[in-house]
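My structure is below; once you've seen it, I'll send some questions.
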Amino acid sequence: MKKIVGIMAAAAIATSVFAADIAAATKISGKLFDYDADKTLSLFTERNDSHDYAQPNFTMSISDDKAGATVKITTNNYGGNTYSAPAVTTQTIWFKPVDALKITVGDYDIALNKEQIDWTESKTALGGKGFLASVNVEGLGIDFGIEANEQYWIKKADGVDASLTPFFVKASYGADFGTIGGFAKITLTAAQPAKAAVPGKGFYLDEEDGQIKKNKDTPATPAVDAKKDILFGAGYRNNFSGVDAFLNVVADLTEKLDWVRPELYAGGSADAFGYQLFVAPLIYTNSDLNKDAECEVVAKVTYAMDGFTPYAYFKDANLLAKDFAATVKLGATGSVGAMGWNAWVQLDIADKTAFSVPFELTMSF
């Protein structure tokens, strides 16, 4: 009887698992050719590592109507082929106690509006690790997230004000006129009282020279004032006759307004021709560290052909800088069966120009 019950339980678990949607993807990248700024010529390297969290080595997700999970595995490579760091795993589990409420624990990716060329350029990115609550009702969306990865969101020592790790509130509303939204991300660091020097007590054995030595004094530390940092912004997004576009205005405030940056994105297509443009000038800055006015520009054009799509890509982190520096890519994407491929010629233009031919192979299943 126990054996029959066990078989029935296993069958029920298997049925519930296979009723869910399961998807996975993996990626391998490398370079066919490289000529760097130091005039070193290299041929053929394959890399299983990736420090790009937007495109990790391996992604697996499983979900149904009420809950789901995603695991992403990314590695960091140091020194080319000589050393590869252990895998970095990000995990997310979400569930819906009710249809309108979604709770996410782990890694989350939220933004006011995100450009769709590199997917990582916006200052409105609110991604983090911790807890996220999302409510969606009749076009109104509200997200509340707190970063609490390996640390407590609220922490208060005896006699010291409480400190809070970053948290944010984001709201948006979508209707026929488009989508409007706004957010505020707040970090509060508690004031720390001054601490007097403490004389070292006791002795220890120095294993290097075998001598008995007195423990060092603990130096005095000055008082630290409380600090707050508020990143905030608003945005509008709509589709204008086939052109997807948004405008964000983002600012950062500590003791006073630090900087203000608008972000403009537009993307669309005309027959086989596709285009995308992201422009983000820094229109106000309070920092003496940034003497040049920033103007970030990312652009991409594509042309869909039978079996593959050639493209051209341009990126300049500061188009107004005194010294010109940019990345230019000329490449193509396509597929062979279920495998996707991407290969391009890349120019990294600065004082010295580097030339390379990278590639990426991806498989989704």
Side-chain angles (χ1 to χ4, degrees), residues 23 25-32 50 52-56 59 109-125 127 172 174 176-181 235-248 250 261-281 295-319 324-349 355-365:
T26 187
K27 182 187 75 170
I28 292 177
S29 62
K31 290 184 179 180
L32 304 178
S50 171
D52 184 357
Y53 286 93
Q55 296 181 337
T59 301
D109 185 12
I110 298 291
L112 183 63
N113 289 300
K114 183 176 289 189
E115 56 85 15
Q116 298 174 26
I117 307 171
D118 285 339
W119 294 90
T120 56
E121 298 305 310
S122 176
K123 292 289 187 182
T124 70
S172 63
D176 295 338
F177 58 79
T179 301
I180 57 174
Y236 171 72
R237 186 168 201 152
N238 204 352
N239 191 288
F240 303 92
S241 301
V243 179
D244 178 35
F246 70 73
L247 173 64
N248 295 332
V250 197
R261 163 174 140 147
E263 301 178 339
L264 176 65
Y265 170 81
S269 61
D271 296 326
F273 177 74
Y275 54 90
Q276 295 170 288
L277 175 66
F278 178 73
V279 180
C295 184
E296 186 174 8
V297 176
V298 187
K300 186 176 183 180
V301 294
T302 62
Y303 189 83
M305 302 180 70
D306 187 17
F308 70 102
T309 300
Y311 65 87
Y313 167 100
F314 173 85
K315 178 179 179 179
D316 192 325
N318 186 3
L319 193 64
F324 180 77
T327 297
V328 177
K329 300 179 183 180
L330 299 174
T333 60
S335 63
V336 177
M339 184 201 73
W341 58 267
N342 181 17
W344 65 95
V345 174
Q346 178 168 325
L347 293 174
D348 293 303
I349 304 170
F355 173 81
S356 60
V357 184
F359 71 90
E360 291 179 347
L361 304 178
T362 58
M363 179 70 76
S364 300
F365 47 91

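All values below were derived from every heavy atom in this structure, side-chain atoms included, with hydrogens, water molecules and symmetry-related copies excluded.
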Report task. Looking only at non-hydrogen atoms, find the nearest pair between Val298 and Asp118 and report the distance. Result ->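 The pair with the smallest heavy-atom distance is CG1-OD2, 4.0 Å.
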Query raised in the report: Checking Asn318 side chain against Cys295 main chain: does a donor-acceptor pair fall under 3.5 Å?
Result: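 Answer holds: yes.
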**Report entry** Heavy-atom side-chain proximity of Ile28 to Met363 below 4.5 angstrom
**Finding:**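 No, too far: nothing below the 4.5 Å cut-off.
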Requested in this report: Check for a donor-acceptor pair, side chain of Glu360 on one end and backbone N or O of Lys27 on the other, with a separation under 3.5 Å.
Outcome: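 Such a contact is absent between Glu360 side chain and Lys27 backbone.
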Query raised in the report: So, does Gln276 use its side chain to make a donor-acceptor pair with the main chain of Gln116 at under 3.5 Å?
Result: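 Present.
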**Report entry** For the student: nearest non-hydrogen atoms of Thr309 and Ala304, plus distance
**Finding:**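 That closest heavy-atom pairing would be OG1-CA, 3.8 Å.
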Report task. Mind telling me whether Phe324 and Phe314 have parallel, tilted or perpendicular rings, with 30° and 60° as the class edges? Result ->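 Correct class here is parallel.
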Query raised in the report: What closest approach, in Å, do Ala25 and Ser364 show between heavy atoms, and which atom pair accounts for it?
Result: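 Shortest heavy-atom separation between Ala25 and Ser364 comes out as CB-OG, 3.6 Å.
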Requested in this report: Identify the heavy atoms of Ser172 and Thr179 that sit nearest to each other, and give their distance.
Outcome: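 Shortest heavy-atom contact: CB-CG2, 4.2 Å.
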Query raised in the report: Could you state the interatomic distance from CG (Leu247) to CG (Leu112), rounded to the nearest 0.5 Å?
Result: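 One gets 10.0 Å once the value is rounded to the nearest 0.5 Å.
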Query raised in the report: Is the count of non-hydrogen atoms from other residues, nucleotides or ligands lying under 6.0 Å from Phe355 atom CZ greater than 12?
Result: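 Enclosed.
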Query raised in the report: Is there a donor in the side chain of Tyr313 and an acceptor in the side chain of Gln346, or the other way round, less than 3.5 Å apart?
Result: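 No - no donor-acceptor pair under 3.5 Å links their side chains.
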**Report entry** Between CH2 on residue Trp341 and OG on residue Ser335, distance to nearest 0.5 Å
**Finding:**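 Here the interatomic distance stands at 8.5 Å.
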Query raised in the report: What is the distance from atom CD of Glu296 to atom CG of Asp316, rounded to the nearest 0.5 Å?
Result: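 The CG atom of Asp316 is 9.0 Å from CD of Glu296, to the nearest 0.5 Å.
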Query raised in the report: Does any donor atom in the side chain of Asn342 or Thr333 lie under 3.5 Å from an acceptor atom in the other side chain?
Result: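 There is no such pair between these side chains.
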Query raised in the report: About how many Å separate CD1 of Ile349 and NZ of Lys315, when rounded to the nearest 0.5 Å?
Result: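 Those atoms lie 14.0 Å apart.
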Query raised in the report: Do you know the tightest heavy-atom contact between Gly235 and Asn248?
Result: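 Minimum heavy-atom contact is CA-OD1, 3.6 Å.
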Query - Side chain proximity check, Leu277 to Tyr275, heavy atoms < 4.5 angstrom - result: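 Of all side-chain heavy-atom pairs linking Tyr275 with Leu277, none is under 4.5 Å.
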Query - Atom pair OH/NZ of Tyr265 and Lys114 - distance to nearest 0.5 Å - result: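 If I round to the nearest 0.5 Å, the distance is 12.5 Å.
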Requested in this report: Look up atom CG in Leu264 and atom CG in Asn113, then write down how far apart they are to the nearest 0.5 Å.
Outcome: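 Answer for the CG-CG pair, Leu264 versus Asn113, is 11.0 Å.
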Query raised in the report: Do you know the tightest heavy-atom contact between Thr302 and Tyr311?
Result: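 Distance-wise, the nearest heavy atoms are CG2-CB, 3.7 Å.
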